[in-house]
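See below for the structure under consideration.
Just so you know, these numbers use all the heavy atoms, side chains as well, and skip hydrogens, waters and symmetry mates.
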Amino acid sequence: MMPSQNQQQSPMNIENFQTMMMNLVYLFTSVVTWPIEMVLRPQYGSEYFSPVTQFGTAVMMLFLPLFTALSGMIPYMHFRTLGLFGIASLSKLFFLGSLVHGFRVWRRMLHMEKEDNSYFPGEPLFFFRWLPFSWWVTRIVIEPAFVFIVALTLANLFILQPSATNYLMFAAIALAMKSYVEWFLQWQMIRHLMNARYMGPIMAKLVNNTATESDLAKAHLASFPKNLPDDIRQSAARHVARAFNPEKEI
């Protein structure tokens with residue numbers, strides 16, 4: 001929802017900028033990784049990939065084969081095409097998979113009782129569950145490494161052409177980055193709640209003008225002047241508290 005013109009907007013700080021950039025990284029990596037995630041986690045939720053991501057991936061898979069074909073027409077440039085399947089074959093498989101998954105997701109959207117969590121990324125493939133790794137280690141490390149090794153192996157067996165190999169290797173790196181961003185955002189939410197609880201007693205001391213230099217140093221704060229009026233001190237303390245917990249009105 002767009003804010004009204006007369007609504008006061010808070011200035012963008014470093015944390016907001018960092019969150020915005022992480023969202024952009026997540027969107028970009030989701031566009032790159034959707035073709036391989038529909039294979040790695042075929043039971044993903046109906047809202048796990050947004051329409052923006054789906055549109056971006058469809059455009060990417062339409063133009064990558066065209067770009068690869070045109071790059072081979074550049075004078076004095078020679079590209080190896082050893083291999084059975086190239087990026088055009090992956091593009092065809094992607095659109096075929098999109099049709100199958102589209103029917104599955106559409107069915108879940110019509111019958112919402114069939115889905116508990118629409119944002120669920122899906123269970124990993126069965127052989128990943130045999131490994132003694134946690135959920136996030138599997139997503140951040142094991143699955144991207146699996147895609148990278150498979151791409152390299154198929155390239156050495158002359159099954160994949162360099163165009164398809166390069167895409168899968170880059171998608172593996174993007175998958176690791178996307179999963180890390182997902183983990184970091186969830187960790188950050190819990191960490192901020194813990195920070196707010198830690199800052200509570202310090203804020204109380206700051207309002208009462210009893211905070212020591214050691215207390216303020218732990219919170220990266222400077223002490224207030226001793227003769228500062230109480231109303232200004234309380235207002236400043238509330239402003240600092242909002243900086244540590246911006247989602248909660250203080």
Give, for atom [atom1] of [X] and atom [atom2] of [Y], the distance between the pair rounded to the nearest 0.5 Å.
X    : Y    : atom1 : atom2 : result
L193 : R191 : CG    : CZ    : 10.0 Å
M189 : Q186 : CE    : CD    : 6.5 Å
L168 : L175 : CG    : CG    : 11.5 Å
S30  : Q54  : OG    : CD    : 11.0 Å
M61  : L66  : CE    : CG    : 13.0 Å
F28  : M60  : CZ    : CE    : 8.5 Å

[X] with [Y], same ILVMFWY side-chain cluster at under 4.5 Å:
X    : Y    : result
L99  : L93  : no
M112 : F103 : no
F126 : V150 : yes
L90  : I173 : no
I149 : F133 : no

If the condition is side chain to side chain contact (heavy atoms under 4.5 Å, CB included), which residues does [X] pass it with, not counting sequence neighbours?
X    : result
L110 : W106
W183 : W136, I140, Y180, W187
V52  : L27, S50
R197 : none

Mind listing the closest non-hydrogen atom pair of [X] and [Y] along with its distance?
X    : Y    : value
V32  : A174 : CG1-CB, 4.0 Å
P121 : R139 : CG-NH1, 3.6 Å
P144 : T138 : CD-O, 4.1 Å
L185 : M22  : CD2-CE, 3.4 Å
M109 : S46  : CG-CB, 4.0 Å

Which residue pairs pass the side chain to side chain donor-acceptor pair (under 3.5 Å) test with at least one member in residues 18-29, sequence neighbours excluded?
Y26-E182
Residue pairs meeting side chain to side chain donor-acceptor pair (under 3.5 Å), one or both in residues 82-93, sequence neighbours left out, come to none
According to ring pair (Phe, Tyr, Trp, His ring centres under 6.0 Å), who are the partners of [X], at least two apart in sequence or on a separate chain?
X    : result
F127 : F146
F55  : none
F120 : W135
Y119 : none

Heavy atoms from other residues, nucleotides or ligands near CZ of F63 exceed 12 (cutoff 6.0 Å)
no
Around R107, counting heavy atoms of other residues, nucleotides and ligands shown, do more than 12 lie under 6.0 Å from its CZ?
no
Review item, side-chain donor-acceptor pairs of residues 35-45, under 3.5 Å, at least two apart:
residue : atom : partner : partner atom : Å
E37     : OE1  : Y48     : OH           : 3.4
E37     : OE1  : K178    : NZ           : 3.4
E37     : OE2  : T33     : OG1          : 2.8
E37     : OE2  : K178    : NZ           : 2.6
R41     : NE   : E143    : OE1          : 3.3
R41     : NE   : E143    : OE2          : 3.2
R41     : NH1  : G122    : O            : 2.3
R41     : NH2  : E143    : OE2          : 3.1
Q43     : OE1  : R108    : NH2          : 3.1
Y44     : OH   : W34     : NE1          : 3.3

When clusters are formed from ILVMFWY side-chain contacts under 4.5 Å, directly or step by step, what else is grouped with M169?
F148, L152
Should V105 and F49 count as side-chain neighbours, where that means a heavy-atom distance under 4.5 Å?
no
Heavy-atom side-chain proximity of I159 to F85 below 4.5 angstrom:
yes
Within the side chain of T57, is there an N or O that forms a donor-acceptor pair under 3.5 Å with the backbone of V31?
yes
